[in-house]
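In what follows, a structure is listed as structure tokens, so that the remarks can point back to it.
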2 protein chains.
Amino acid sequence: MNKNAQQLLKGSINAVILKLLSQTERMYGYEICQKVKEMTHGELRITEGALYPALHKLEGEGILTTQTEVVDGRARKYYSIANDQQGNAVDRLAMIQNFLNQLQLILEPKDLISIPVK
Amino acid sequence: MNKNAQQLLKGSINAVILKLLSQTERMYGYEICQKVKEMTHGELRITEGALYPALHKLEGEGILTTQTEVVDGRARKYYSIANDQQGNAVDRLAMIQNFLNQLQLILEPKDLISIPVK
DNA sequence: ATTTATACATCCAAATCTTATGTATTATTT
DNA sequence: AAATAATACATAAGATTTGGATGTATAAAT
């Protein structure tokens, strides 16, 4: 993986967290790291030094709630979107996606036809 | 413009600069600001406090060269991609675009069919 | 005459990221 | 059996980046 791609991740970690949690109910930190690696075939990596502070911040803001469990002798901290924050999370995501679309407008000025998967 | 979209710009200013200069030969700072506003219908803004340091840095790295001219009594500093750095700039851009595509893979997992504009 | 637009630039504070480091348990390899 | 890798959390230091404020200066518009 190249370094610059990593650098670029700035600002988008929250988007990734919210997106994944909006479709998976609950996940733990390590799981999020792995999922991102897997989904991007290893081309994108969220470092733990960036992820955990981001998770803690979202928790502190009340967007995420946590449940800690012990699985196979190891502690796991599951994060999920707080019940009363679903709408909030959706709004944040929409905002971020809009931003990325605007950016694409500049970087890749093609006609993009999106066909929803079912 | 909402605040969060601004925040997200982190890391992508260089991409915007390189992209615009790769297709316009030369531009000056203020022009870049206006162009971005225009292309995104006012939804994305590059602030001068972010743009000028970024331009200076790219110049310092030898990626960009400048010519200063006085137009209508006002100084203008034109930036262009250095002749021997065209390839470099293309590589940087490709890297950034790849990153964004990976991010889209997570954020908007749709089938995207791109049809180049002619 | 005053405000807005053009055009440059810098500084500071806040936010974010990378890298490194640390703890601890379980699984795998040697 | 011992060492390494994987799992899973977390924090701290330092670097980079950005937003917002501020500043200079000229031309155009009100």
Side-chain angles (χ1 to χ4, degrees), chain A residues 1-18 26-38 42 44-61 64 66-79 92 96 99 103, chain B residues 1-18 20 26-38 42-61 64 66-79 92 96 99 103:
Chain A
M1 245 274 290
N2 63 59
K3 193 177 180 181
N4 287 36
Q6 290 275 11
Q7 303 283 1
L8 245 192
L9 214 44
K10 276 182 187 173
S12 45
I13 282 187
N14 287 322
V16 171
I17 293 171
L18 292 177
R26 70 176 199 170
M27 295 179 83
Y28 53 100
Y30 188 80
E31 187 183 8
I32 292 176
C33 289
Q34 302 307 313
K35 185 72 178 175
V36 168
K37 249 194 284 185
E38 177 205 320
L44 234 62
R45 279 169 211 221
I46 291 187
T47 59
E48 294 173 307
L51 177 65
Y52 288 113
L55 285 173
H56 297 161
K57 195 181 174 200
L58 286 171
E59 187 185 4
E61 288 171 4
L64 302 182
T66 62
Q67 308 128 265
T68 302
E69 291 176 20
V70 175
V71 179
D72 291 331
R74 271 187 294 261
R76 264 189 204 173
K77 199 166 165 187
Y78 284 100
Y79 290 85
R92 286 198 187 208
I96 293 166
F99 161 80
L103 193 58
Chain B
M1 247 274 289
N2 64 58
K3 195 175 178 180
N4 287 38
Q6 289 275 11
Q7 303 282 1
L8 245 192
L9 215 43
K10 277 181 189 174
S12 45
I13 280 187
N14 288 323
V16 170
I17 292 171
L18 292 177
L20 292 181
R26 70 175 198 169
M27 294 179 85
Y28 52 100
Y30 189 78
E31 189 184 5
I32 293 177
C33 290
Q34 301 308 312
K35 186 71 176 173
V36 169
K37 249 194 283 183
E38 178 205 319
E43 296 223 43
L44 234 62
R45 282 170 207 219
I46 292 188
T47 61
E48 295 174 308
L51 177 64
Y52 288 112
L55 285 173
H56 298 161
K57 196 180 175 201
L58 286 171
E59 188 186 3
E61 288 171 6
L64 301 183
T66 61
Q67 310 128 265
T68 301
E69 292 177 20
V70 175
V71 180
D72 291 332
R74 270 186 293 261
R76 264 188 204 172
K77 199 164 166 188
Y78 284 99
Y79 290 85
R92 286 198 187 208
I96 293 167
F99 161 80
L103 192 57

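We name chains A, B, ... by the order of the sequence lines, and we start the count at 1 in each one.
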Over how many whole Å does the gap from A:Leu44 atom CG to C:dT18 atom C1' extend?
15 Å

Can you check the B:Met27 CE to C:dT6 C1' distance for me, whole Å?
15 Å

Under 4.0 Å: is that the gap between some side-chain N or O of B:Thr47 and OP1 or OP2 of D:dG19?
yes

Can you name the residues that form a side chain to side chain contact (heavy atoms under 4.5 Å, CB included) with B:Arg74, not counting sequence neighbours?
none

Distance, rounded to the nearest Å, where B:Lys57 contributes NZ and D:dT18 contributes C1'
13 Å

Heavy atoms under 4.0 Å is the rule here; annotate nucleotides 1-9 of chain D 5' to 3' with B where the base is hit, S where only the sugar-phosphate is, and - elsewhere.
-----BBSB

Protein-nucleotide distance (A:Ile46, atom CD1; C:dT19, atom P), rounded to Å:
15 Å

Within this structure, what is the CD1-to-C1' distance between A:Ile13 and D:dT18, rounded to whole angstrom?
16 Å

Between A:Leu55 and B:Ala50, name the one whose nearest nucleotide on DNA chain D is closer to the 5' end.
A:Leu55

Mind checking salt bridge (charged side-chain N to carboxylate O under 4.0 Å, His left out) for B:Glu59 and listing every partner two or more places apart, or none if nothing turns up?
B:Lys77

What pairs with A:Glu38 under side-chain hydrogen bond (donor to acceptor under 3.5 Å, both in side chains), at least two apart in sequence or on another chain?
none

Applying a 4.0 Å non-hydrogen cut-off, can you work out what B:Gly49 is touching in the nucleic acid: base, sugar-phosphate, or nothing?
base

Atom CZ of A:Arg45 and atom P of C:dT16 are separated, to the nearest Å, by 24 Å

OH/A:Tyr52 to CD1/A:Ile46 distance, rounded to the nearest 0.5 angstrom?
11.0 Å

Counterpart residues, side chain to side chain contact (heavy atoms under 4.5 Å, CB included), relative to B:Glu61 (two or more places apart):
B:Lys57, B:Leu58, B:Ile63, B:Arg92

Run the side-chain donor-acceptor check on residues 27-36 of chain A: report pairs under 3.5 Å with partners two or more places apart or on a different chain.
residue	atom	partner	partner atom	Å
A:Tyr28	OH	A:Arg76	NH2	3.3
A:Glu31	OE1	A:Tyr28	N	3.1

